[in-house]
Asks: 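Next up is a structure, given as structure tokens.
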Amino acid sequence: MPAFKTLDDVDVAGKRVLVRVDLNVPVADGAVTDATRIERVAPTILELSNKGAKVILLAHFGRPKDGPAPEFSLKPIAHAVAKVIDRNVHFAEDSIGDKAAEAVAKLNNGEILLLENTRFYKGEEKNDPTYVAALAANGDLYVNDAFSAAHRAHASTEGLARVLPAHAGRTMQAELDALEKGLGNPERPVVAIVGGAKVSSKLDLLGNLVQKVDALVIGGGMANTFLAAQGVKVGKSLCEHDLAATAREIMAKANAANCTIILPVDAIVAWHFEANAPHRAYGLDAIPDDGMILDVGPQSIERIKAAIDDARTLVWNGPLGAFELPPFDQATVAAARHVAARSKAGRLVSVAGGGDTVAALNHAGVADDFSYVSTAGGAFLEWMEGKPLPGVDILKR
Ligand code: 3PG
Ligand code: MG
């Protein structure tokens, strides 16, 4: 029994349903370059439409600063949504007021309408009750299917749930279910893999994880900070030397919580930060002064695979090396494939998300074999940090 209401708990036929979706998709030259987020919300839109709801989509796009601006219009995205769901999608040039009301009034049951960027109003990000009320005037029900915007307490992500009957959409439901299995109430042992460039951007995340997981694999540039804090000479590698004390504190916290920290035991070193740069594997006692670590080494990969084998649950954020520059993608690819194989074999529940993670897993060609890959960036990180997500919490009231 989920702690929130879903689409199973409501009769939507003939109702005006305001559906918050995340259409903040990458666009180049007016075309959507990655429609994953649209594909994720398609089931909710189609289910509501098939059940005879008047489906009114609410979304933000980019971060417009001063009201309406053509480059932040959702209009081109309406076409992209229509293409994905293979239905007609109407568009209204305003999210509130006459234009929105007229477009809503014209909707027949089952029809779909996208309203203009909610962030064209300051009231959106301020969660201003006046803007909330203006949005709510066009709906009988509210459905939130935008987990990836749930770390924002905005009018369309949080405020509406206070004033209309609120339900989680299918993607939100799947996301929360996956996250519950990942860290909320996981099968143990739980292993986390955390990579990426900087410790400084992931302090809260590491601090929270060491208290929740049985083992924490640290890779990427941030591993260098931990290695250096233990006296390893990391040459010219990316390293936050000023965070040595913080790294040691995290390790002490892990120790106290019985969380094993798994750091690289060897490294792939190159002399230029570029694809196919000449490189060699070194033990940690022999990193050249003029070299830089661009990936974890082969022995580390075996150690990480063993940790994956020991786990029943795995949570992943961030690449283990400079995966965008081959061959420094090898550890990330090898670990991702190992996780995928274990997941496919039913031995592992694997949840991944945040920032570069999805790109790294797509690059490894295995995103589909993970138990769940979140399209959320900031929201996934804040969840991993153990922070409350306003858009989720309000659904649980
Ligand atoms: C995202 O793309 O991370 C979400 O849509 C949230 O967007 P924001 O970071 O601009 O709030
Ligand atoms: Mg963001």
Side-chain angles (χ1 to χ4, degrees), residues 12 14-125 131-146 148-149 154-157 160 164 169 171 375:
V12 298
K15 304 252 174 68
R16 298 168 304 160
V17 183
L18 292 169
V19 189
R20 181 51 156 102
V21 286
D22 191 348
L23 301 181
N24 203 25
V25 290
V27 171
D29 298 326
V32 173
T33 54
D34 179 353
T36 310
R37 280 182 169 172
I38 301 177
E39 287 156 13
R40 290 289 179 95
V41 293
T44 296
I45 300 173
L46 289 170
E47 178 175 343
L48 289 167
S49 165
N50 292 343
K51 286 177 169 171
K54 296 174 179 176
V55 186
I56 304 153
L57 304 177
L58 290 174
H60 77 280
F61 185 61
R63 292 176 177 171
K65 285 276 160 290
D66 293 301
E71 66 272 32
F72 293 114
S73 173
L74 275 170
K75 194 166 185 176
I77 311 291
H79 299 295
V81 176
K83 214 167 131 193
V84 169
I85 62 174
D86 201 18
R87 304 255 170 115
N88 195 15
V89 175
H90 303 283
F91 181 75
E93 279 162 14
D94 203 342
S95 56
I96 57 171
D98 291 346
K99 280 187 185 152
E102 281 159 23
V104 170
K106 277 195 210 142
L107 286 180
N108 294 314
N109 291 354
E111 286 194 322
I112 300 156
L113 165 72
L114 173 62
L115 301 180
E116 183 57 288
N117 195 342
T118 50
R119 288 190 184 169
F120 285 175
Y121 288 92
K122 292 242 182 305
E124 164 70 338
E125 291 179 61
Y131 182 63
V132 172
L135 287 173
N138 287 317
D140 305 306
L141 296 171
Y142 170 70
V143 170
N144 189 349
D145 213 25
S148 45
H154 293 175
S156 68
T157 60
L160 277 174
L164 290 176
T171 295
T375 65

Asks: Counting N and O atoms only, with roles assigned by atom type, does the side chain of R16 sit under 3.5 Å from a partner on the main chain of A137, one being a donor and the other an acceptor?
Replies: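 Yes.
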
Asks: Looking only at atom types and distance, does a side-chain atom of N117 sit under 3.5 Å from a main-chain N or O of S73, one as donor and one as acceptor?
Replies: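 Looks like no, no N/O pair under 3.5 Å.
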
Asks: State, to 0.1 Å, how close A100 and A92 come at their nearest heavy-atom pair, and which atoms those are.
Replies: CA-CB, 4.3 Å

Asks: Check E102 with K106, please: is the shortest side-chain N to carboxylate O separation under 4.0 Å?
Replies: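 Looking at K106 and E102, the cut-off is not met.
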
Asks: Apply the test side chain to side chain contact (heavy atoms under 4.5 Å, CB included) to residues V104 and K54: give CA-CA distance (whole Å), side-chain angles for both, the deciding distance (0.1 Å), then the verdict.
Replies: CA-CA 8 Å; V104 170; K54 296 174 179 176; 5.9 Å; no

Asks: Enter the distance from L57:CG to I77:CD1 here, rounded to the nearest 0.5 Å.
Replies: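 Between L57 CG and I77 CD1, I get 12.5 Å after rounding to 0.5 Å.
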
Asks: Who pairs with E116 by salt bridge (charged side-chain N to carboxylate O under 4.0 Å, His left out), at least two apart in sequence or on another chain?
Replies: none

Asks: With I56, which of L135, V17, L18 fulfils side-chain contact (heavy atoms from CB on, under 4.5 Å)?
Replies: L18

Asks: For residues I38 and K83, determine if any side-chain heavy atom of one lies less than 4.5 Å from a side-chain heavy atom of the other.
Replies: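 No. Closest side-chain heavy atoms not under 4.5 Å.
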
Asks: Taking atom types as modelled and ignoring hydrogens, do the side chains of T171 and R40 form a donor-acceptor contact shorter than 3.5 angstrom?
Replies: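 No - no donor-acceptor pair under 3.5 Å links their side chains.
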
Asks: Output the distance between atom CD (E47) and atom CG (D145), rounded to the nearest 0.5 Å.
Replies: 10.0 Å

Asks: Just checking, is any N or O donor in the side chain of S95 or Y131 under 3.5 Å from an acceptor N or O on the other one?
Replies: yes

Asks: Between the main-chain N or O of Y121 and the side-chain N or O of E124, is there a donor-acceptor pair closer than 3.5 Å?
Replies: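 Not confirmed, E124 side chain does not pair with Y121 backbone.
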
Asks: To check you understand the geometry: which heavy-atom pair defines the closest contact between I85 and A42, and what is its length?
Replies: CG2-CB, 3.7 Å

Asks: In Å, rounded to the nearest 0.5 Å, how long is the span from CG of N109 to NZ of K15?
Replies: 11.0 Å

Asks: Indicate the atoms forming the closest heavy-atom contact of R37 with S148, along with that distance.
Replies: NH2-CB, 3.7 Å

Asks: Is a side-chain donor or acceptor of K122 paired with a backbone partner of K65 at a separation under 3.5 angstrom?
Replies: yes

Asks: Drop me the distance from L114's CG to H90's NE2, to the nearest 0.5 angstrom.
Replies: 11.5 Å

Asks: Could you check L23, V27, T118 and say which one makes a side-chain contact (heavy atoms from CB on, under 4.5 Å) with F61?
Replies: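 Result: among L23, V27, T118, V27 is the only option passing the side-chain contact (heavy atoms from CB on, under 4.5 Å) with F61.
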
Asks: So, taking the atom named CD in E125 and the one named OG1 in T157, what distance separates them when rounded to the nearest 0.5 Å?
Replies: 10.0 Å

Asks: If you apply the rule side chain to side chain contact (heavy atoms under 4.5 Å, CB included), what do you find for H60 with D22, and how did you get there?
Replies: CA-CA 7 Å; H60 77 280; D22 191 348; 4.0 Å; yes

Asks: For V132 and A155, which heavy atoms make the closest approach, and how far apart are they?
Replies: CG2-CB, 3.6 Å

Asks: Working to the nearest 0.5 Å, report the span between CG of L160 and OH of Y142.
Replies: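 Going from CG on L160 over to OH on Y142, the span is 6.0 Å.
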
Asks: Would you check, one step at a time, whether the test side chain to side chain contact (heavy atoms under 4.5 Å, CB included) holds for V89 with I45?
Replies: CA-CA 11 Å; V89 175; I45 300 173; over 6 Å; no

Asks: Search all heavy atoms of F72 against all heavy atoms of P64 and return the closest pair with its distance.
Replies: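 So the minimum-distance heavy-atom pair works out to CD1-CB, 3.5 Å.
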
Asks: Taking all non-hydrogen atoms of both residues into account, name the closest pair between S156 and R20 and its distance.
Replies: OG-NE, 2.7 Å

